[in-house]
Amino acid sequence: MSAREAICPACGGVFDPLRARAVRVRDGRVTAYCQEACARGSDAGAAPSAPVARATAAAAPAASASAAAAPAAAAPAPGRATPAPAAAPARSAPPAAPLAAREVALAEEAPPPELDIEVPRLRRGRLRAALAALAIIVIGGMAIAVVQAVSPSSPSPVAAAGSERARAAVGGEAEAPAAPSAPVPPPPPPPSPRAQATAALRELVGSPSARLARAAAVALARACDAGALAHLAAADAAETSELARLEAAYVRARCGDDASRARLVATLKSTRRDARADAARHLTALGDDAGRSSLHALLKVSQHRLGAAEVLAPRRDDRARAVLTAIHGDAATEPADRMRAAIALGLLGEPAVAAELRAALADPRFRPAAAAALAALGDAAARDALVAGLGVPSLRVDAARALRRLEPGLDPEPLVAPLVAALATEHDAARITAAEAVLVLTGPVAEAERP
C-alpha cells in the first residue's frame with residue numbers, strides 16, 4: 001500500500017486519505033472514513049480504543065487453538081442439563097483476520113493519516129494570512145511615505161529626513177535641524193523727490209564756497225527750513241554785498257522774521273538807488289505798502305517807470321496798469337519795451353494781449369516771460385514752453401512757479417524725475433536750481449507763489 005492509501009476502520013476498504021468523505025475524532029485522534037455511512041456506523045457503536053483492539057487481537061488466536069484441541073469438552077455430558085450459555089458481550093471482538101491484523105499493525109506503526117492531511121492545510125492557510133497581512137503593512141507604509149513626501153502641510157519632516165540621509169551618505173552625523181531664519185524685511189522705499197531735494201540743499205549749505213552755501217540756503221528757505229534760516233543769519237555779518245544781504249533779509253522776513261522786514265523798510269532811505277529799488281521790490285513781494293509807495297514814486301520817472309510797473313504787475317496794481325497800457329499803445333515805444341509791457345499786462349490779467357504773447361513764444365528772448373504771462377491768464381499754450389524751461393538751470397524755478405499757477409492740481413511726478421536725476425549729475429549751481437524747482441512743484445501752493 002502506498003503512502004497515499006489508508007484503510008477504512010469501519011469497512012476495511014482502501015481509500016485515499018486526501019479525499020476522505022468523512023472524518024471523526026476517536027480517543028483524541030482524527031479518524032478518516034471512506035464514506036459517510038461508515039462514519040455513521042461508527043457513531044452508532046464506537047470502536048474500541050487502541051489498547052482494547054490490541055488485546056482482543058492477541059486473545060483471538062489462543063481462543064481458536066483451545067476450541068480446536070478440546071471439542072469434546074465443549075459438548076455437554078449425557079443426562080446432565082445443559083447450562084444456559086453466558087450472555088455474549090454487546091460488542092465482541094470479531095475473529096482475527098489477516099486484514100484486521102494488518103490494519104492494527106498499520107495503526108500502531110504510523111500516526112493516523114488524517115493528521116498528514118489537515119496539518120498542511122492549516123499551515124497553508126496561516127501562511128496565506130501572514131502574507132496578506134505583510135502585504136497590507138508594506139502597502140500602507142508606502143502610502144504614508146508618499147503622502148508625507150508630497151503633502152505641503154508637512155515640509156519640515158521631509159526636509160529633515162532628506163538632510164539626515166544626505167549626512168549619512170557622506171558619513172556625517174545627523175544634526176538637529178536649524179531653527180528657521182527670521183523673515184527678511186522688505187527694503188525701505190526710496191526717499192521722495194522732495195526729501196531728496198531737501199537733502200541735496202542741506203548738503204550744499206555746508207559747501208566751503210560761501211556763494212554756493214548762501215544760494216543753497218536761500219533755496220532751502222523757500223520751505224522755511226530752520227537750518228537754512230540760521231545759516232543766512234550767521235552769514236550776514238560776513239556778507240560783503242549789500243544786495244545779497246537784502247535778499248537774505250527778504251527770505252527771512254518771508255518766513256516771519258520781523259527784524260528782517262524792518263531792515264528792508266529802513267533801506268528805502270538808503271543813498272544807493274539800486275538798494276532802494278531792491279528793498280522796494282522785496283517789500284512789494286511781501287505785500288508791504290511801504291514798498292509799493294516807493295515804486296509808485298518811480299512810476300513818474302521815465303527811465304524807471306517800466307521797471308517799477310513790471311514789479312507792481314503781479315500785485316494787480318491799478319497805477320501800474322495805466323502806465324503799462326500807455327507804454328504798450330505808444331507807437332514810439334521800442335518793440336522790446338512794447339513786448340515787456342505786453343508781458344506785464346498779461347501778469348495783470350489783461351486777456352487782450354494773449355495773442356501777442358502766444359506769438360512771442362517763438363522768440364527765445366521772450367519765451368520764458370511770455371509763457372509765465374500766459375500761465376497767469378490760464379492759457380494752456382504756455383505749458384510746453386514751461387516744461388522745456390525746467391531743463392534750463394537759470395529758468396527752472398520761474399518755470400516751476402508758472403506751472404503751479406497754470407495748473408493748481410498739477411501732477412508733479414513726471415516733471416520731477418528729470419530734476420531728481422539732475423541732483424546727481426549736474427554741477428552744484430545747477431543742482432541748487434533743480435532742488436528748488438522740486439520744492440516748488442511738490443510743495444504747497446503758498447510756497448510756489450513766493451518770488
Side-chain angles (χ1 to χ4, degrees), residues 243 250 268 273-274 276-390 392 394-408 448-451:
L243 299 183
Y250 161 71
L268 293 175
R273 181 178 296 177
D274 57 347
R276 292 197 305 270
D278 272 13
R281 179 170 57 87
H282 291 318
L283 288 170
T284 301
L286 293 172
D288 195 306
D289 290 339
R292 183 173 297 187
S293 300
S294 296
L295 292 174
H296 285 167
L298 292 176
L299 289 176
K300 301 174 183 179
V301 182
S302 58
Q303 65 266 33
H304 296 299
R305 63 175 184 168
L306 181 55
E310 288 177 324
V311 175
L312 291 169
R315 298 302 168 183
R316 305 294 175 95
D317 187 269
D318 292 336
R319 293 186 184 182
R321 188 191 305 271
V323 171
L324 291 171
T325 302
I327 294 174
H328 183 263
D330 189 353
T333 303
E334 295 290 332
D337 289 343
R338 182 178 291 109
M339 181 55 65
R340 288 175 58 187
I343 292 172
L345 287 171
L347 294 174
L348 273 165
E350 289 290 340
V353 296
E356 187 177 357
L357 294 175
R358 284 193 291 269
L361 294 175
D363 189 341
R365 296 176 300 166
F366 302 107
R367 183 184 300 123
L374 286 171
L377 293 172
D379 195 325
R383 193 178 196 283
D384 291 343
L386 294 175
V387 172
L390 294 176
V392 181
S394 61
L395 303 177
R396 282 171 176 162
V397 177
D398 289 337
R401 293 179 60 239
L403 279 169
R404 290 302 302 271
R405 190 179 301 116
L406 177 64
E407 299 178 19
E449 289 297 330
R450 294 168 180 168

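The figures that follow rest on heavy atoms only: side chains count, while hydrogens, waters and symmetry mates do not.
For Arg281, the salt bridge (charged side-chain N to carboxylate O under 4.0 Å, His left out) partners are Asp278, not counting sequence neighbours. Applying the side-chain contact (heavy atoms from CB on, under 4.5 Å) test to Ala313 and every residue at least two apart in sequence or in another chain returns Leu324, Ala344, Leu347, Leu348. Leu299 meets the side-chain contact (heavy atoms from CB on, under 4.5 Å) test with His296, Ala308, Ala309, Leu312, Arg319, Val323; sequence neighbours excluded. Judged as a side chain to side chain donor-acceptor pair (under 3.5 Å), and not counting sequence neighbours, the contacts of Arg383 are Glu407. Shown here are the salt bridge (charged side-chain N to carboxylate O under 4.0 Å, His left out) partners of Arg292, two or more places apart in sequence or in another chain: Asp317. Remark: His328 pairs with Glu356 by the side chain to side chain donor-acceptor pair (under 3.5 Å) rule, at least two apart or across chains. With sequence neighbours left out, Asp330 forms a salt bridge (charged side-chain N to carboxylate O under 4.0 Å, His left out) with no residue at all. Listed by chain and number, the residues in a side-chain contact (heavy atoms from CB on, under 4.5 Å) with Leu395 are Pro368, Val392 (sequence neighbours excluded). The side chain to side chain donor-acceptor pair (under 3.5 Å) check on Arg321 picks up Glu350, with sequence neighbours excluded. The side chain to side chain donor-acceptor pair (under 3.5 Å) search around Asp384 returns none, not counting sequence neighbours. Asp398 is linked by a side-chain contact (heavy atoms from CB on, under 4.5 Å) to Arg401, counting only residues two or more places apart in sequence or in another chain.
Considering Leu298, Ile327, Leu295 as possible partners of Arg305, the one that fulfils the side chain to side chain contact (heavy atoms under 4.5 Å, CB included) test is Ile327.
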When the side chains of residues 373-382 are checked against the rest of the protein, which donor-acceptor pairs come out under 3.5 Å, sequence neighbours left out?
{"residue": "Asp379", "atom": "OD1", "partner": "Ala381", "partner atom": "N", "Å": "2.9"}
{"residue": "Asp379", "atom": "OD2", "partner": "Arg358", "partner atom": "NH1", "Å": "2.4"}

Q. Side chain to side chain contact (heavy atoms under 4.5 Å, CB included) between Asp363 and Met339: does it pass, once the steps are laid out?
A. CA-CA 11 Å; Asp363 189 341; Met339 181 55 65; over 6 Å; no
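The shortest non-hydrogen separation linking Ala370 to Leu357 is CB-O, 3.7 Å.
Between Arg404 and Glu449 there is no side-chain heavy-atom pair separated by less than 4.5 Å.
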